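First the structure, in the form of structure tokens, and then the observations on it.
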Amino acid sequence: MQYMLLIYNCNRPEPSDPGFAEALARVNAFAEECRRRGALVAGDALQPESTATTVSVREGKTLITDGPFVETHEHLGGYYVLDCRNLDEALDLAAMCPMAEQGSIEVRPIVGVPGIDHTPANFAARSE
């Protein structure tokens with residue numbers, strides 16, 4: 001089963017910060033552990049909320065708003081998608097994530113909806 005780990009409230013050091021190399025090594029070690037278990041599907045850091053644009057459609061009209069959809073004190077800083085045996089493994093890996101030490105990791109199962117195809121357009125070309 002796939003799970004999304006949503007990473008909240010973590011300050012990501014910049015490459016020029018003194019702790020950047022250590023933080024990068026810890027994140028890479030976490031990703032390597034996920035790969036070793038065959039669980040890592042995807043993961044990325046996100047740009048700050050100030051770069052967000054929210055799109056909604058109401059009564060056939062598209063509304064575009066700068067910034068995140070809701071005002072919140074929590075900020076989403078990144079994510080991982082993991083393919084785990086069960087929720088226990090997903091929670092175990094979430095606890096290993098270095099960002100859990102300063103922020104929080106929300107773990108959610110990904111729903112497989114019959115008939116929805118989210119395969120990337122270039123997936124077939126890569127796998128041939």
Side-chain angles (χ1 to χ4, degrees):
M1 170 141 221
Q2 289 191 341
Y3 295 86
M4 179 167 269
L5 278 58
L6 300 163
I7 303 166
Y8 288 101
N9 298 328
C10 294
N11 294 321
R12 184 173 50 246
E14 296 297 322
S16 59
D17 293 342
F20 179 78
E22 180 185 345
L24 184 61
R26 294 183 70 216
V27 168
N28 285 336
F30 171 70
E32 183 54 37
E33 175 62 17
C34 292
R35 275 193 281 287
R36 187 188 69 73
R37 293 183 185 206
L40 186 62
V41 175
D44 281 298
L46 300 174
Q47 292 287 338
E49 304 77 40
S50 60
T51 66
T53 303
T54 301
V55 177
S56 58
V57 178
R58 301 293 183 267
E59 298 177 9
K61 294 182 182 173
T62 301
L63 305 169
I64 298 175
T65 307
D66 290 339
F69 179 69
V70 293
E71 292 295 322
T72 180
H73 296 291
E74 293 187 338
H75 67 273
L76 179 62
Y79 71 94
Y80 286 97
V81 175
L82 302 179
D83 193 357
C84 299
R85 291 184 306 274
N86 51 40
L87 177 60
D88 288 338
E89 182 181 28
L91 295 174
D92 183 46
L93 286 168
M96 290 179 182
C97 183
M99 286 73 76
E101 294 174 8
Q102 60 175 282
S104 59
I105 311 295
E106 179 180 343
V107 179
R108 282 202 210 175
I110 294 177
V111 177
V113 178
I116 292 181
D117 182 5
H118 288 129
T119 306
N122 62 352
F123 183 76
R126 289 188 314 202
S127 62
E128 292 177 353

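Since we're looking at a predicted model, the values are computed, not measured.
Of all non-hydrogen atoms in A100 and A94, the two that sit nearest each other are CB-O, 3.7 Å. The two atoms that bring P13 and D17 nearest to each other are CA-OD2, 3.4 Å, heavy atoms only. In terms of heavy-atom proximity, M4 sits nearest to Y79 at CE-CD1, 4.0 Å. Of all heavy-atom pairs spanning C97 and Y80, the tightest one is SG-CE1, 4.2 Å.
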Less than 3.5 Å apart, which donor and acceptor atoms pair up between the side chains of residues 105-114 and the rest of the protein, not counting sequence neighbours?
residue, atom, partner, partner atom, Å
E106, OE1, Y8, OH, 3.4
E106, OE2, R108, NE, 2.5
E106, OE2, R108, NH2, 2.9

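Transitive grouping of hydrophobic side chains (ILVMFWY, heavy atoms separated by less than 4.5 Å) brings L91 and F30 into a common cluster. Both M1 and L5 sit in one connected hydrophobic cluster of ILVMFWY residues. Membership requires side-chain heavy atoms under 4.5 Å apart, directly or through other members. A continuous path of ILVMFWY side-chain contacts below 4.5 Å connects V27 to L82, so both sit in one hydrophobic cluster. Taken together through direct or relayed side-chain contacts under 4.5 Å among Ile, Leu, Val, Met, Phe, Trp and Tyr, L76 and V81 form part of one hydrophobic cluster.
A salt bridge between E33 and R37 is present, with a side-chain N of the basic residue lying under 4.0 Å from a carboxylate O of the acidic one.
Side-chain N or O atoms of R26 include none that pairs as donor or acceptor with a backbone N or O of M99 at under 3.5 Å. In terms of modelled atom types and a separation under 3.5 Å, the side chain of Y3 and the main chain of L87 share a donor-acceptor contact. N9 places a side-chain N or O within donor-acceptor distance of the main-chain N or O of H75, the cut-off being under 3.5 Å.
Here the CG atom belonging to N28 is positioned 7.5 Å from the CZ atom belonging to R35, to the nearest 0.5 angstrom.
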